[in-house]
Amino acid sequence: MNDSISTAAQLIRSGELVAFPTETVYGLGADVFNERAIQKIYETKGRPSSNPLIVHIAELSDLSKLTDTVSDREQALITAFWPGPLTLIFPKKKGVPAITSGGLSTVAVRMPAHPMALELIRAAETPIAAPSANRSGKPSATHHAHVRDYFGPELCVLEGGATEHGLESTVVQIKDGVPHIYRLGSITPEDIERALSMKPVFETRSEHSPGTRFKHYSPEATLEIVESERWADLVESANKETGFMAPHELLTGLSSDIPHYDLGPAKDLPGIASHLYSALIALDQKGLKRIYVPAFVEEGLGLALMDRLRRAAGQE
Ligand code: TXA
Ligand code: MG
């Protein structure tokens, strides 16, 4: 085992926080069974205590530490997508501190598909509760440098470079046998439908998923989502107080002294999603008044992409 992982695991065991990479975004983790450590997560992020955390496990056998019941449909989703960017909501076992799930009777669990995250959980010998490693209301960290910028030099950060997906996990609860999607992510509604032969219900603004009610992912600049017919005009009238984040093809007419972030080829939607928060964070550090981003087609991964952009643009 990598030295830094054993040191980080020791910190988790002694009730401290550790930031670590997952395949989605970086997490800010603590031992799920240590209430004081969980309290530190909320304080460090400035997170409202009613916004519950996701618990990360490395083995299926860890699930029985958190819940007593796994239904056939939940099992089908686990088989299809774990380890991977899917969070499932289960009835919470008594021993899981109430503070972990914002006082709810349920607990959110996922098995991340990242070797450093899995090694950390195994070495710490406990499931790790971890929200995204950003200050509350800011874009999630998709690189260890973002985590450093948010929390400074004191925090232990496992450095894994850029994350693969760049959007937080899809959050699903099976209710009365039916999948309800609380948060869109890289695992799309079609993926869920294929795994269960059943259409999911969308509840992405739900009172059942407290996190989706809070303002999210916001840059300081005003983010504006632009329909395609207006794009060329905006590119033409660009000035140094406006920034552009867009697929490569849409930036070709832009003068090189205008702040911009190239999200990669238009065809590569996963690539664009993986750069989304880096783009928001990088452009926001330039102190711009306004950032323009084109609207994406709302199907497949485009649904999650547009969901995050709307939240960042403050459209509820
Ligand atoms: O990809 C991810 O999910 C990342 C990495 C670190 O795993 N984590 C993450 O955590 O995005 P966070 O805390 O930023 O978002 C947790 C989401 C929130 O929308 C919250 O409302 C929802 O999960 N959630 C957590 N527990 C829940 C529960 N018991 N019932 C309903 N929603 C829950
Ligand atoms: Mg978050």
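Just so you know, ligand 1 is whichever comes first in the structure, and atom 1 is the first atom listed for that ligand. Quick note: residue numbers are just sequence positions, from 1. The basis for the numbers below is simple: all heavy atoms, side chains too, and nothing from hydrogens, waters or symmetry mates.
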Any Gln173 heavy atom less than 4.0 Å from ligand 1: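 In this structure, Gln173 fails to qualify as a contact of ligand 1 - no heavy atom is under 4.0 Å.
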
side-chain hydrogen bond (donor to acceptor under 3.5 Å, both in side chains) assessment of Thr7 paired with Gln10: CA-CA 5 Å; Thr7 308; Gln10 186 51 49; over 6 Å; no

Which ligand 1 atoms are under 4.0 Å away from a heavy-atom of [X]?
X	answer
Pro131	10 (O), 12 (P), 13 (O)
Ile54	3 (O), 8 (N), 9 (C), 10 (O), 16 (C), 23 (O)
Leu53	25 (C), 26 (N)
Gly27	6 (C)
Thr24	1 (O), 2 (C), 4 (C), 5 (C)
Leu104	28 (C), 29 (N), 30 (N)

More than 12 heavy atoms of other residues, nucleotides or ligands under 6.0 Å from [atom1] of [X]: yes or no?
X	atom1	answer
Arg36	CZ	no
Lys286	NZ	no
Arg13	CZ	yes
Glu236	CD	no

I'd like to know: is the Mg ion (ligand 2) within the 2.8 Å range of an N/O/S atom from Ser136, strictly under that distance?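 Here the distance criterion (N, O or S atom, under 2.8 Å) is not met by Ser136, so no.
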
Can you sort out the partners of Trp231 under ring pair (Phe, Tyr, Trp, His ring centres under 6.0 Å), two or more places apart, ordered by chain and number?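 With neighbours one apart ignored, the set is Phe244.
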
So for ligand 1, is [X] a polar contact partner (N or O within less than 3.5 Å, distance only)?
X	result
Tyr26	no
His56	yes
Ser132	yes
Tyr182	no

[X] and ligand 1 - part of the residue with a heavy-atom distance under 4.0 Å:
X	answer
Lys92	neither
Arg47	side chain
Thr106	both

Apply side-chain hydrogen bond (donor to acceptor under 3.5 Å, both in side chains) to the pair Tyr277 and Glu168, showing each step before the final yes or no. CA-CA 11 Å; Tyr277 292 141; Glu168 306 82 353; 3.0 Å; yes

Working note: Thr188 + Glu190, criterion side-chain hydrogen bond (donor to acceptor under 3.5 Å, both in side chains); need CA distance, chi angles, decisive distance, verdict. CA-CA 5 Å; Thr188 65; Glu190 295 80 27; 3.1 Å; yes

List the steps, then state whether side-chain hydrogen bond (donor to acceptor under 3.5 Å, both in side chains) holds for Glu203 with His180. CA-CA 6 Å; Glu203 277 196 61; His180 290 243; 2.3 Å; yes

Pairs involving residues 122-158, ordered by first then second residue, that meet ring pair (Phe, Tyr, Trp, His ring centres under 6.0 Å) (sequence neighbours left out):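 Ring pair (Phe, Tyr, Trp, His ring centres under 6.0 Å) check on residues 122-158 returns no pairs.
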
